[in-house]
Undergrad: 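One structure is given below, represented as structure tokens, and several questions about it will come after.
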Amino acid sequence: MEETLKNGILVFAVNGKRYELPSVDPSTTLLQFLRTETCFKSPKLGCGEGGCGACVVLLSKYDPQLKRVEDFSVSSCLTLLCSLNGCGITTSDGLGNNKDGFHSIHERFAGFHASQCGYCTPGMCMSFFSALINADKANHTDPSAGFSKLTAAEAEKSIAGNLCRCTGYRPIADACKTFAADVDIEDLGLNSFWKKEDSRDVKVSKLPPYDPSKNLNFSTFPRFLKSEPAAYLDSRKYPWDTPASVDELRSLLQSNLAENGARIKLVVGNTGTGYYKETQRYDRYIDLRYIPELSIIRFNHIGIEVGAAVTISKLISFLKEENKINLSSYGKLVSQKLAQHMEKIASPFVRNSASVGGNLVMAQKNSFPSDIATLFLGLDATICVMTSQGHEKLTFEEFLARPLLDSRSVLLTLLIPFKKEGSSTCSKFLFETYRASPRPLGNALAYVHAAFLADVSSHGNGILINDIQLAFGGYGTKHPTRAKQVEEYLTGKILSINVLSEALKLVKQAVVPEDGTTHPDYRSSMVVSFLFKFLFCFTNVGPMISGGLLNGITLVEEVSESNKDGYISEGKPHTLLSSAKQVVESSKEYHPVGEPMKKIGASMQASGEAVYVDDIPSPPNCLYGAFIYSTRPLAGVKGIHFGSNSLPDGVAAIITFKDIPSGGANVGSKTIFAPEPLFADDLARYAGDRIAFVVADSQRSADVAASMAIVEYDTENIDSPILTVEEAVQRSSFFQVPPFFYPKQVGDFSKGMTEADHKILSAETRLGSQYYFYMETQTALAVPDEDNCMVVYASSQCPEYTGSAIASCLGVPEHNIRVVTRRVGGGFGGKAVKAMIVSTACALAALKLQRPVRMYLNRKTDMIMAGGRHPMKITYSVGFKSNGKITALHLDLLVNAGITEDISPVIPSNFIGALKKYDWGALSFDVKVCKTNLTSKSAMRGPGEVQGSYIAEAIMEHVASVLYLEVDSVRNQNVHTFESLKLFYEDCAGDIGDYTLPGIIDKLATSSNFVQRTEMIEQYNQKNIWKKRGISRVPLVYESVQRPTPGKVSILSDGSVVVEVGGIEIGQGLWTKVKQMTAYGLSLIESSWSEELVEKVRVIQADTLSLVQGGFTAGSTTSESSCEAVRLCCKILVERLTPLKKNLQEQNGSVDWTTLIYQAKFQAINLSANSYYVPEFSSMKYLNYGAAVSEVEIDILTGETKILQTDIIYDCGQSLNPAVDMGQIEGAFVQGIGFFMLEEYLTNTDGLVVTDSTWTYKIPTIDTIPKSFNVQVLNSGHHEKRVLSSKASGEPPLLLASSVHCATRAAIKAARKQLKLWGKLDESDTDFYLDVPATLPVVKTQCGLNYVEKYLETLLDLKSS
């Protein structure tokens, strides 16, 4: 083995197993290798950008300088395989598994209900394991048994870069914190390990044991790798060079190969490909990591010298080291601030690979908006670059301004110089960095970042600026810039309000975003805010105003804090969750139904062994597909070419509508309304329309070919596209809503308006779209079978309709198509109609080529084609009394459906159903579903209901602002009585005992201390200028509909039970509830068998030819309907078995389950039962109730919103599984936070989605959820017409996230009120509209983009008076 390493063969270990590759394509990533060449499938492809964490693994590498093995997390989707020579890789299924035993991380994730769909969970586990293993290697005090050296804060932060769309993160944080020595056990949430009343010691003892000395069954860095850890690959065997010196590097770059035009790629971490996608092939790769000069990092009296190949994480660690000897106060200051800022760049698993030099080269060559470039510009860093002419030493400004680095130029080192500190004790250096970004921590490019360095000294009663450097970046220019005009103005000045005001005017003129930059006004405002924050506390404002007060409000505070060292502090480090509380009321009545049982297969999901479609091994001769789509909204398609006469390498065929067989139809998906074409024919009807399907020998080849395709368009004699609802109205482009789906109006609108004291007429609001962001993108595998049949493995919420669509396209009977779905890696409605298209395309290609064809959509294509939530324009007129009681409401609703119906005709009914949560007196409306040249919008969690519920709250806010009333009092005026509820919801209102909302609202007011906190917030806002808080209480009424659902229960000869249901496991815990229901249903024959029966039940994958009429898994009620179908099956089986059981008892005195089944088989009793649950028409609809209180704090300077606390009470009836329902409530709420606060869905002028990556589309992360998150699952007792008295939980709680938006509006109102008090707001302080999502630019705009200037004007006015 040692000889192999010395011979330069690529050797590495995966989970302790040795891999030797004599040859390999150097562009192969670790993820590609793991998923195609090994049995380890736990790393998942979520984005291919290093932006989600699904592919994270542990990399173990020997450091010859430190003479130790380093373990760190990396994104395997970006890590090149050839860079891993001599390394060890650990995956989640290597960490632990079903065969060898699960790791305690897996077991604790499962026990804390921290895995729902499970697709993100292995990556979460590995991110956490990396932090865990490194903490335990640290020189810290040994923790008590069962714990690690990790702190609770570190545990939470370890997963800050990982995305999860299901759980809401709270249970994941709890699972991680169980390993922290300083954790407060009482603060941990619902889990399957202990009971609430257990003592701390008992709770700790019940956790799966953790012993760092017995972490793994293998070494992360096996012995065979230690023989030659620094071995280089043989460049004669691989197109991969590993120079050991700068001279070798120069020789390579000046070699004949380079001169002959060979394409050469310089490599360190390869993380840049996550942002700049590569389609070209390189002839050679040059690995820069083994050149000593590029790997240095050291302090000396001159400054900090950093090699270009040093990773960002290593630089951070170096800067944070506490044992820096003889470091000046300036050096310590710079080190501290740089480290703090750089920890907010990217995610840990990207920083661990990404090099400092690579980041800077991207900034210089590609205009990447690099934070690091701005930091180094602000510190006067110098750069050493090797060119074909020799070495260049440049200032950072010169480096950015020089011609773009060519392929023969390499950044070698950089130096951050230390300033010489003067002898004067009154002179101090100030250094501060700033960034405003969509997320506080990690993986979010900033709107603006800045680095300011100043030399100041005391001068009389003021502060003299001796020198100052102001660097700004990311604001919309090619490179970071210095505001030199402002620097010149400030230098030599004594700081005052007048001087600062003038400086802010100058900086706004000097730092200007280029045309085309998003949110330019906001970015300009941030430039002003940052400079103000840096300098304000050094102005002479103190003595200038009497007592520091203006109208009872403190002016000088919290902008920034001075400390004894004389520089500005950014305040406390950003913390994540502070506390959470979960309250469940489980029921024993239908045991084991009602128990908070952990999710089936949760440990297996955590280890990564759970099989998703893309984990199924590719059959022999398998091909891979990718879509070529239109980038025009309405254009003729003349042809497709690839820039040459031949097809790209690896491409087997290009499939279009012309390849649909005779007898087949151009059908990609089906709903009850209309089909959607699989392909555009001669006319592409929207940007994103599928023109062709590339089939190639690998997924990468297919994706590359699709991206290379050039579509020839013809726009002559073609109408202009319809892209807005206004254009649709103008051209009468509508879809019909069947009368059955059109909602009913309530009362007499004209009469209600006559009774009103006040009216709001024709108020207009708009709501945008939202992308699903399931962690597993759309995927399918189609395998041709005998007799013109096809087996399709689909990630689908509705396999039945998928099979029907495929059959229609191929022109075969539906019995020729078998669709199999085991589990789905996140759905939220996006794996319903939209998933059919992927399956149909694969099936068509498989039929034509008679070879298996599979596809896993890349994230960009998925985002462009997905459709998502329905955008809307809402115009309303409302009449109301002076006390806030609404008497009448009329809405004109325009729904943007896109190009085909999909499920859009149901949106009006859903919208109005959620809007009716309040008593409007009279309600009338006109709804039009608009047909536009955009991607078809589809069902997304709470389709229509989210928008309807929000508009109801927006109207309440509007009415309250007009009347100058507290909005909560207006809401209370309009909460339904049971009589008005019956009027608006008719039969689905149920009985008066079912109407639990008034009690929930009152109970929540008490449990959340709503009244007291409202008063405290008022006081807080009076005392604070730059931070404002708001609180809001929002009710929920949600109409659910049950649908017919099949079930099948079969008992095998050994007594084990296999169950099939129509519902699909998409992470919502359907299988778990079905398993509990099966055990309950069968235990009716003998109640003492229920525990035994739970262990005997297995729920298996959906198969459309085994169980028919599966329908859709949607609407939140499929779990309960599937449970009822299973209960009916069990009832049949119990009826069959009961006579036999009585006979056996009479003969033997007692009987056990196994004996009973053995005898039943012997006596030829049918042990399989089918059912088809059809809910009664009178009770198929019912109402769900809940309420939420959310409190937020906004930063007026940046627009950042922190959710301080959320309290939710949700009525689940008698929950079938409180732990599952708790997870659904929290996960739905956090997804709602995304819609209302974070997720900007943007398109270009042609309607093509441009927020098409993890870089541009921001879903919630652990640092954006409520810091205190308290949820109670209310057990409201018996509901006779429900399935064992249960209610839905999947979608309704999402609507409660509007409480965060409303609280944000309240906080903004406090900011505007403050401006009004100063006389600096001309418009109303209460009557304003807050856009959805309320991102930083939106919040800042409503607070006032010129808030700082208004504040300074107020001070100057006060000074002159």
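Since we're looking at a predicted model, the values are computed, not measured.
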Undergrad: Measure the CE-CG distance between M855 and D614 for me, rounded to the nearest 0.5 Å.
TA: 11.5 Å
Undergrad: Under a 3.5 Å threshold, yes or no: a donor from one side chain and an acceptor from the other, between Y1257 and E1239?
TA: yes
Undergrad: Under the 3.5 angstrom rule, does the side chain of Q1068 hit a backbone N or O of I1064 as a donor-acceptor pair?
TA: yes
Undergrad: Between D862 and Y772, do the side chains contain a donor N or O and an acceptor N or O under 3.5 Å apart?
TA: no
Undergrad: Within the side chain of N270, is there an N or O that forms a donor-acceptor pair under 3.5 Å with the backbone of L78?
TA: yes
Undergrad: Strictly under 6.0 Å, is that where the ring centroids of F1112 and Y801 end up?
TA: yes
Undergrad: Without hydrogens or angle criteria, can the side chains of T1254 and E49 be said to hold a donor-acceptor pair below 3.5 Å?
TA: yes
Undergrad: For the side chain of H519 and the backbone of V1338, is there at least one donor-acceptor N/O pair under 3.5 Å apart?
TA: no
Undergrad: Please find the pair of heavy atoms, one from P633 and one from P721, that lie closest to each other, and give the distance.
TA: CG-CG, 3.6 Å
Undergrad: Inspect the surroundings of CD in Q736 and state if more than 12 heavy atoms from other residues, nucleotides or ligands are less than 6.0 Å away.
TA: no
Undergrad: Please report the closest heavy-atom contact between Y624 and A702, naming both atoms and the distance.
TA: O-CB, 3.5 Å
Undergrad: Keeping K831 on the side-chain end and E776 on the backbone end, is there a donor-acceptor pair under 3.5 Å?
TA: yes
Undergrad: Is any side-chain heavy atom of I722 closer than 4.5 Å to a side-chain heavy atom of L634?
TA: no
Undergrad: What verdict does the salt bridge (Lys or Arg N to Asp or Glu O under 4.0 Å) test give for R439 and E1200, after you've listed the backbone C-alpha separation in whole Å, the side-chain angles of each residue and the deciding distance to 0.1 Å?
TA: CA-CA 9 Å; R439 295 185 188 131; E1200 181 184 352; over 6 Å; no
Undergrad: Can you confirm whether K478 is buried at NZ, in the sense that more than 12 heavy atoms of other residues, nucleotides or ligands lie under 6.0 Å from that atom?
TA: no
Undergrad: Do H870 and Q770 pair up side chain to side chain, a donor and an acceptor below 3.5 Å, judged on atom types alone?
TA: no
Undergrad: Taking all non-hydrogen atoms of both residues into account, name the closest pair between K1340 and S525 and its distance.
TA: CE-OG, 3.0 Å
Undergrad: Could you walk me through whether T821 and V824 pass side chain to side chain contact (heavy atoms under 4.5 Å, CB included), step by step?
TA: CA-CA 8 Å; T821 300; V824 172; 3.9 Å; yes
Undergrad: Give the minimum heavy-atom separation between Y771 and A866, together with the two atoms involved.
TA: CE1-CB, 3.6 Å
Undergrad: If the threshold is 4.0 Å, N to carboxylate O, is there a salt bridge linking K670 and E901?
TA: no
Undergrad: Do other residues, nucleotides or ligands put more than 12 heavy atoms under 6.0 Å from the CD atom of Q280?
TA: yes
Undergrad: Consider only side-chain N and O atoms of D1263 and T1261, and report whether a donor and an acceptor are under 3.5 Å apart.
TA: yes
Undergrad: Side-chain contact, heavy-atom cut-off 4.5 Å: V838 with T840?
TA: no
Undergrad: Does a donor on one side chain sit under 3.5 Å from an acceptor on the other, for R731 and T932?
TA: no
Undergrad: Side chain to side chain contact (heavy atoms under 4.5 Å, CB included), that's the test. Do L767 and I951 meet it? Break it down for me.
TA: CA-CA 9 Å; L767 292 170; I951 291 301; 4.2 Å; yes
Undergrad: CE of M775 to CG of L163: how many Å apart, nearest 0.5 Å?
TA: 5.0 Å
Undergrad: Quick one about E1291 and S1116 (side-chain donor to acceptor, distance below 3.5 Å, no hydrogens or angles considered), yes or no?
TA: yes
Undergrad: Is it true that T802 and S796 share a donor-acceptor pair across their side chains at a distance under 3.5 Å?
TA: yes
Undergrad: Would you say T900 and R685 are linked by a side-chain donor-acceptor pair, where the criterion is simply a distance under 3.5 Å?
TA: no
Undergrad: Between Q778 and S795, does any side-chain donor sit less than 3.5 Å from a side-chain acceptor?
TA: no
Undergrad: Give the intermediate values and the outcome of salt bridge (Lys or Arg N to Asp or Glu O under 4.0 Å) for residues E727 and K873.
TA: CA-CA 12 Å; E727 291 170 345; K873 178 184 176 183; over 6 Å; no
Undergrad: Please evaluate residues R632 and D689 with respect to the criterion salt bridge (Lys or Arg N to Asp or Glu O under 4.0 Å), reporting the C-alpha separation (whole Å), side-chain torsions for both, the decisive distance (0.1 Å), and the verdict.
TA: CA-CA 9 Å; R632 303 278 187 90; D689 199 357; over 6 Å; no
Undergrad: Check the pair R523 / T518 against side chain to side chain donor-acceptor pair (under 3.5 Å), numbers first and verdict last.
TA: CA-CA 9 Å; R523 294 174 196 256; T518 58; 3.0 Å; yes
Undergrad: May I have the step-by-step check of ring-ring contact (aromatic ring centres under 6.0 Å, His included) for Y774 and F828, ending in yes or no?
TA: CA-CA 7 Å; Y774 26 63; F828 320 114; 7.2 Å; no
Undergrad: Determine whether the aromatic ring centres of residues Y475 and Y447 are separated by less than 6.0 angstrom.
TA: no
Undergrad: For the residue pair L723 and Y686, establish whether any side-chain heavy-atom pair is separated by less than 4.5 Å.
TA: no
Undergrad: Are the ring centres of F627 and Y629 closer than 6.0 Å?
TA: no
Undergrad: With distance as the sole criterion, is a donor-acceptor pair present between the side chains of R435 and S437 under 3.5 Å?
TA: yes
Undergrad: Would you check if the side chain of T671 reaches a backbone N or O of D902 as a donor-acceptor pair within less than 3.5 Å?
TA: yes
Undergrad: Take Y950 and L1295 through the side chain to side chain contact (heavy atoms under 4.5 Å, CB included) test and state the conclusion after the steps.
TA: CA-CA 7 Å; Y950 167 74; L1295 281 58; over 6 Å; no
Undergrad: Sub-3.5 Å donor-acceptor pair from the side chain of D1246 to the main-chain atoms of L1248, do we have one?
TA: no
Undergrad: Judged by atom type as modelled, is there a donor-acceptor pair below 3.5 Å linking the side chain of T167 to the main-chain atoms of Y169?
TA: yes
Undergrad: Is any side-chain heavy atom of I691 closer than 4.5 Å to one of I640?
TA: yes
Undergrad: Using side chain to side chain contact (heavy atoms under 4.5 Å, CB included), reason through H641 and E712 one step at a time and then give a plain yes or no.
TA: CA-CA 8 Å; H641 64 88; E712 292 184 56; 3.4 Å; yes
Undergrad: Measure from the side-chain N and O atoms of K937 to the backbone N and O of G867, and report whether any donor-acceptor pair falls under 3.5 Å.
TA: yes
Undergrad: So, do Y276 and N366 sit near enough that their side-chain heavy atoms are less than 4.5 Å apart?
TA: yes
Undergrad: Below 4.5 Å, heavy atoms only, C-beta onward: do I903 and V833 meet side chain to side chain?
TA: yes
Undergrad: Given D521 and S524, is the side chain to side chain donor-acceptor pair (under 3.5 Å) satisfied, shown in steps?
TA: CA-CA 5 Å; D521 294 337; S524 295; 5.5 Å; no
Undergrad: Can you see whether Y856 has R35 sitting over its ring - NZ or CZ less than 6.0 Å from the centre and within 45° of the normal?
TA: no
Undergrad: May I ask you to establish whether R869 and Y1241 are in a cation-pi arrangement, using a distance under 6.0 Å from NZ or CZ to the six-membered ring centre and at most 45° from the ring axis?
TA: no
Undergrad: In this structure, are over 12 heavy atoms from other groups packed under 6.0 Å from Q730 atom CD?
TA: no
Undergrad: Quick one: sort the Y275 and W1255 rings into parallel, tilted or perpendicular, breaks at 30° and 60°.
TA: perpendicular
